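Scroll down for the structure; my scribbles are underneath it.
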Amino acid sequence: MPKHGKRYRRNLELVDRERLYQPAEAVSLLKRFEPARFDETVEVAVRTGLNVRHADQQLRGTVALPHGLGREVSVAVFAKGDAAKEAEEAGADIVGAEDLVERVQGGFTDFDVAIATPDMMPLVGRLGRILGPQGKMPNPRVGTVTTEVGKAVADAKAGKIEYRTDRSGIVHVPIGKLSFDERALLENYAAVIEEIVRAKPAAAKGRYIRSITIAPTMGPGIKVDPARTRDIVEEVAQAA
């Protein structure tokens, strides 16, 4: 079992590990943690009952966070001609075609999101082994392979993020920084949970959401009541 520092242990003492907290309580407790020396990312881990070995129980999509992630999102676009110009005007950080493909093949992956036009995919498809493991491979299912590159760039810059289950059926999603106020974190949390509930695969069997944990980068997890998924919007309003 890994050893934790004094700050971690002090924060852990604040958490009742046998309790399922209401969303607003969990966020409030999170804000009471002694912070690290940097602005930690707050992440939600949702353990589902999905059997991800079955194609019809895969869970993957995008969600727009109302308050973004608290950092600049770097966007690379694989496009030519008018689409490339549209991407640049929308604020894309890196735009290219064959030249950008060659840069990535050479090891360049210094961007958060990759977007491509459909005509570029025969070339971009070669980058699957590089971008796939990093979760950056353009995919039409999540809107990153599109002819509307301007809108895709704007969405990414505004805080639209991708989510998907890992091999254990768990979805890990960042919902902002620890410096965010409670309402912002709670509203981002609500957006994520509502989207995961909405996107439930039709083939899902048994209990869909098994557990939810919220935690900062360097801090302990707080268990959130998974039964509280339908009334989070009301809770957000009450916390205002």
Side-chain angles (χ1 to χ4, degrees), residues 1-5 7-36 38-52 57-63 65-71 135 159 161-201 204 206-236 239:
M1 186 174 180
K3 293 183 178 180
H4 295 292
R7 185 186 61 83
Y8 181 99
R9 294 197 297 270
R10 285 194 294 269
N11 287 336
L12 185 60
E13 289 176 0
L14 299 175
V15 181
D16 182 347
R17 284 177 281 181
E18 302 300 318
R19 180 181 173 188
L20 293 178
Y21 290 84
Q22 302 307 317
E25 291 177 324
V27 169
S28 179
L29 178 58
L30 195 72
K31 294 290 291 182
R32 290 169 51 200
F33 280 1
E34 180 181 334
F38 63 97
D39 194 4
E40 299 168 79
T41 294
V42 177
E43 182 178 275
V44 170
V46 180
R47 185 167 67 90
T48 71
L50 297 173
N51 185 342
V52 295
Q57 292 192 43
Q58 298 286 335
L59 181 64
R60 182 176 186 177
T62 59
V63 57
L65 299 179
H67 301 279
L69 286 172
R71 62 177 174 82
I161 59 171
E162 182 179 348
Y163 66 87
R164 59 180 173 177
T165 45
D166 64 14
R167 294 178 182 178
S168 301
I170 301 172
V171 181
H172 298 273
V173 188
I175 61 168
K177 296 292 186 179
L178 194 57
S179 60
F180 282 19
D181 63 36
E182 291 184 24
R183 182 180 177 85
L185 285 172
L186 191 57
E187 289 183 347
N188 279 358
Y189 171 89
V192 167
I193 300 303
E194 286 179 351
E195 167 58 22
I196 291 175
V197 170
R198 184 204 63 77
K200 178 182 179 181
R207 191 155 52 124
Y208 177 45
I209 296 182
R210 300 285 181 85
S211 66
I212 302 174
T213 304
I214 185 171
T217 306
M218 303 293 289
I222 302 170
K223 296 178 181 178
V224 185
D225 188 353
R228 294 294 299 274
T229 56
R230 298 291 182 183
D231 53 354
I232 297 175
V233 173
E234 180 181 339
E235 187 164 339
V236 168

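Remember, predicted model here, so these are calculated numbers, not experimental data.
Closest of all the heavy-atom pairs between Pro174 and Leu69 is O-CD2, 3.6 Å. Minimum interatomic distance between Gly219 and Glu40 (heavy atoms only, all atoms of both residues): N-OE1, 3.8 Å. In terms of heavy-atom proximity, Leu30 sits nearest to Pro216 at CD1-CD, 3.4 Å. Arg19 and Tyr21 make their closest contact through NH1-CE2, 3.5 Å (heavy atoms, listed as atom of the first residue, atom of the second, distance). Closest non-hydrogen pair, Phe180 versus Gly176, comes out as CE2-CA, 3.6 Å.
Under the rule for a side-chain contact (heavy atoms from CB on, under 4.5 Å), the partners of Thr165 that lie at least two apart in sequence or sit in another chain are Thr48, Leu50, Val52, Gln58, Leu59, Val171. With sequence neighbours excluded, no residue forms a side-chain hydrogen bond (donor to acceptor under 3.5 Å, both in side chains) with Asp181. Residues that satisfy the salt bridge (charged side-chain N to carboxylate O under 4.0 Å, His left out) test with Arg210, not counting sequence neighbours, are absent from this structure. With sequence neighbours left out, Ser211 forms a side-chain hydrogen bond (donor to acceptor under 3.5 Å, both in side chains) with Arg47. Every side-chain hydrogen bond (donor to acceptor under 3.5 Å, both in side chains) that Glu34 has, sequence neighbours left out, goes to Arg10. Residues that satisfy the salt bridge (charged side-chain N to carboxylate O under 4.0 Å, His left out) test with Arg9, not counting sequence neighbours, are absent from this structure. With sequence neighbours excluded, the residues forming a side-chain hydrogen bond (donor to acceptor under 3.5 Å, both in side chains) with Glu195 are Tyr163, Arg198, listed by chain and number. When the side-chain contact (heavy atoms from CB on, under 4.5 Å) test is applied to Tyr8, the partners found at least two apart in sequence or on another chain are His4, Leu12, Pro220. For Tyr208, the ring pair (Phe, Tyr, Trp, His ring centres under 6.0 Å) test picks out no residue, with sequence neighbours left out. Glu182 meets the salt bridge (charged side-chain N to carboxylate O under 4.0 Å, His left out) test with no other residue; sequence neighbours excluded. For the side-chain contact (heavy atoms from CB on, under 4.5 Å) test, no residue two or more places apart in sequence or in another chain qualifies with Ala215.
In this structure, Lys223 contributes its side chain and Asp16 its backbone to no donor-acceptor pair below 3.5 Å. Asn188 contributes a side-chain N or O that, together with a main-chain N or O of Gly68, makes up a donor-acceptor pair within less than 3.5 Å. Judged purely by atom type and a 3.5 angstrom limit, Asp39 uses its side chain to pair as donor or acceptor with the backbone of Ser179. Using modelled atom types, one side-chain atom of Arg7 and one backbone atom of Met218 make a donor-acceptor pair closer than 3.5 Å.
A distance of 3.5 Å separates OH in Tyr189 from CD1 in Ile212, rounded to the nearest 0.5 Å. Atom CD1 of residue Ile209 and atom CD1 of residue Ile196 lie 6.5 Å apart, to the nearest 0.5 angstrom. Between the CG atom in Leu178 and the CG atom in Leu185 there is a gap of 7.5 Å [rounded to 0.5 Å]. A distance of 6.0 Å separates CG in Leu14 from CG in Leu29, rounded to the nearest 0.5 Å.
A heavy-atom distance below 4.5 Å is not found between the side chains of Thr217 and Glu43. The shortest distance between side-chain heavy atoms of Val173 and Val46 does not fall below 4.5 Å.
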Exercise. Go through the steps to decide whether Val15 and Phe33 satisfy the test side-chain contact (heavy atoms from CB on, under 4.5 Å), and finish with yes or no.
Key: CA-CA 10 Å; Val15 181; Phe33 280 1; 3.7 Å; yes
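When each of Leu186, Thr41, Val44 is checked for a side chain to side chain contact (heavy atoms under 4.5 Å, CB included) with Ile175, only Val44 meets the rule.
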